[in-house]
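Below is one structure, written out as structure tokens; comments come after it.
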Amino acid sequence: MSSSAKRTPPPPVYKARRASLLRSWLWPARSNLGRWAYTMQRVSGVGVSLYFLAHIIETGNVVGGLSMWSVPAYDIAKNNWNNTVDFLKNPLFDLGLVIIGFLLTFHTFNGLRLFFSEFGYGIGKPARPDYPYKPKSQNTLQDLIIWLSAILAALAAVYALNVLFG
Amino acid sequence: MFFLGDYLRESRIMLLHYFSGVGILVSGAIHLVLVFFVGSYEENLSFDGGIFSVIAVYRNFAFAFTLELLLIFVAFHAFNGLRVILIELYQGKKWEMSVNWVLTAIAAFLVIYGTRTVLLARLI
Amino acid sequence: MEISLSVSRSTPKRHFEEFTIPLQKGMTVLDALIYAKENLDHSIAMRYSCRMAVCGSCGMKVNGRPMLACYTQISELKSNRIKVEPLDNCAIIRDLVTDFAEFFSHHKSVHPYLIRNDVKEQDNPVKEFLQKPEEVEKYLQYSYCIKCGLCYSACPTVAADKEFPGPQALAQAYRYIADSRDEGIQKRIDVIDTAHGIARCHFAGTCSSVCPKGIDPAQGIQLLRRYTLSLKR
Ligand code: SF4
Ligand code: FES
């Protein structure tokens with residue numbers, strides 16, 4: 001068709017943005033701590049979402065999975081559940097759970113920080129800027145909570161390791 | 001759910017997002033306590049061994065209700081979060097519409113499927 | 001002492017060109033670039049005007065971080081290899097010169113001027129608008145913005161979302177909303193409270209950490225978000 005041949009190319013601005021997207025959106029090199037938290041919050045959110053999906057499907061097996069939509073007999077349900085637990089009892093899934101424990105804990109505590117910040121708490125009051133221009137919203141409390149979330153997440157992972165492998 | 005964007009302001013959706021997060025914190029904490037911090041992990045994971053086993057938790061109304069709340073909160077929070085990421089990655093009316101519908105469909109399926117699990121497990 | 005300055009060039013293909021610059025005391029990155037342009041290669045394209053962090057035209061990425069070239073001493077970089085690139089999140093016109101059309105259109109979209117309900121009175125005022133010093137403090141820092149675009153180029157959301165107004169525009173929206181003389185809050189909230197508006201800020205804070213004028217856009221955006229989230233409206 002002639003109309004498609006004459007289609008206007010995308011504006012150069014947009015093309016240039018796409019090119020820099022992966023570099024500056026995905027990888028927070030040479031950035032502040034909050035920028036790392038931004039990426040971690042995304043990665044952990046997506047990770048936990050995927051786990052949530054799997055978890056709902058997996059727990060559906062208590063009552064017989066997708067194929068059964070009436071109340072199952074007690075023994076059948078028990079059998080189904082035991083089969084599911086046996087299937088999930090391998091180091092690969094357990095390792096997955098350890099990682100989910102890490103991500104979930106980080107997401108929780110960093111999310112709390114964001115919750116308060118987004119309602120305007122813990123980010124300081126606007127004031128006249130003075131040299132050396134330290135931004136008030138990037139304060140020690142914020143950095144502390146980010147580090148704390150990371151540490152608690154690591155502890156959660158250690159706890160999960162202990163429960164699942166210990 | 002997310003095509004509500006035509007009727008709800010974005011700030012209202014995000015308000016729901018933030019408060020569903022707090023809801024998850026509470027209901028999820030109860031869920032985790034029931035699995036990890038009371039009784040033994042092995043027993044809690046078994047079908048009917050002990051007072052916090054799978055079936056016992058479902059049969060307790062308060063616990064089952066917490067699980068149901070957790071399900072709804074997480075479904076909203078997770079899929080709204082995915083929507084945010086996806087509409088930030090690419091812009092356009094068509095893309096936004098498809099993201100909204102597909103994610104709403106998956107979230108709705110998960111809520112229905114999870115609710116079914118809770119309801120049927122209570123009846124076993 | 002000498003430093004090596006590698007400059008990103010856009011023609012014929014994007015590549016880096018190395019220059020060796022004799023270091024002088026108090027030399028800024030912009031001085032080094034001007035030295036290279038005067039003595040080594042006249043074809044380097046860059047934008048600058050005031051050389052004192054006032055005009056906001058010399059924003060560029062120095063060693064991977066957005067900075068004002070005229071405001072960055074070479075000694076403070078603690079390295080004698082300097083790499084200058086054009087800003088991210090903007091189309092490149094040539095070498096270090098980037099296209100700010102999108103940036104300014106976002107700035108204009110948030111009504112960056114005082115809005116009064118009584119327009120007649122605003123045009124022909126009978127007396128001054130009075131303001132207490134504490135009321136000035138609330139927005140003063142945001143009014144120091146020089147529109148250099150560093151925060152815009154550092155923002156991860158801007159990198160992905162081309163309809164997101166960016167930290168500068170949102171901070172300016174807050175600057176006018178927080179102004180006690182202004183009455184245009186609803187008008188601005190209508191502009192920014194959309195699917196690609198203020199809700200797409202997730203408080204990464206890169207904007208605040210790169211701003212050369214001590215402005216804290218991240219803080220302003222969170223305070224502005226509080227207005228959009230309030231249940232009273
Ligand atoms: S807020 Fe700061 S970094 Fe952003 S444009 Fe204004 S002066 Fe530049
Ligand atoms: S030349 Fe004016 S800000 Fe650098």
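Letters A, B, ... are given to chains in the order of the sequence lines, protein chains preceding strands, and every chain is numbered from 1.
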The interface call for A:L114 against chain C, heavy-atom contacts under 4.5 Å, is side chain
Between C:E85 and C:M60, is there a donor-acceptor pair closer than 3.5 Å when you use the side chain of the first and the backbone of the second?
no
Please state whether the side chain, the backbone, both or neither of A:K134 comes within less than 4.5 Å of a heavy atom of chain C.
neither
Is C:S153 in contact with chain A via its backbone, its side chain, both, or neither, using a 4.5 Å heavy-atom distance?
neither
Go through the atoms of A:Q41 and report whether side chain, backbone, both or neither lie under 4.5 Å from a heavy atom of chain C.
neither
Most chain C-contacting option - heavy-atom pairs closer than 4.5 Å, from A:P129, A:P126, A:S31
A:P126
At a heavy-atom separation under 4.5 Å, does C:Y139 approach chain A through its side chain, its backbone, both, or neither?
neither
At a heavy-atom separation under 4.5 Å, does C:P217 approach chain A through its side chain, its backbone, both, or neither?
neither
Any donor and acceptor pair, going by atom type alone, linking the side chain of C:Y174 with main-chain N or O of C:L223 inside 3.5 Å?
no
Ring-ring centroid check A:Y133 A:Y131, cutoff 6.0 Å
yes
Return the option, out of A:G124, A:P132, A:A37, with the maximum number of heavy-atom pairs under 4.5 Å with chain C.
A:G124
Do A:F93 and A:F87 have ring centres separated by under 6.0 Å?
yes
Between C:Y227 and C:I177, is any pair of side-chain heavy atoms under 4.5 Å apart?
yes
Engaged part of C:C201 at the chain A interface, taking heavy atoms whose separation is under 4.5 Å:
backbone
Could you check whether any side-chain heavy atom of C:V7 comes within less than 4.5 Å of a side-chain heavy atom of C:L33, counting everything from C-beta outward?
yes
A:Y38 six-ring centre to A:R42 NZ/CZ under 6.0 Å and within 45° of normal
yes
Identify which of C:T98, C:L224, C:N63 forms the greatest number of heavy-atom pairs closer than 4.5 Å to chain A.
C:N63
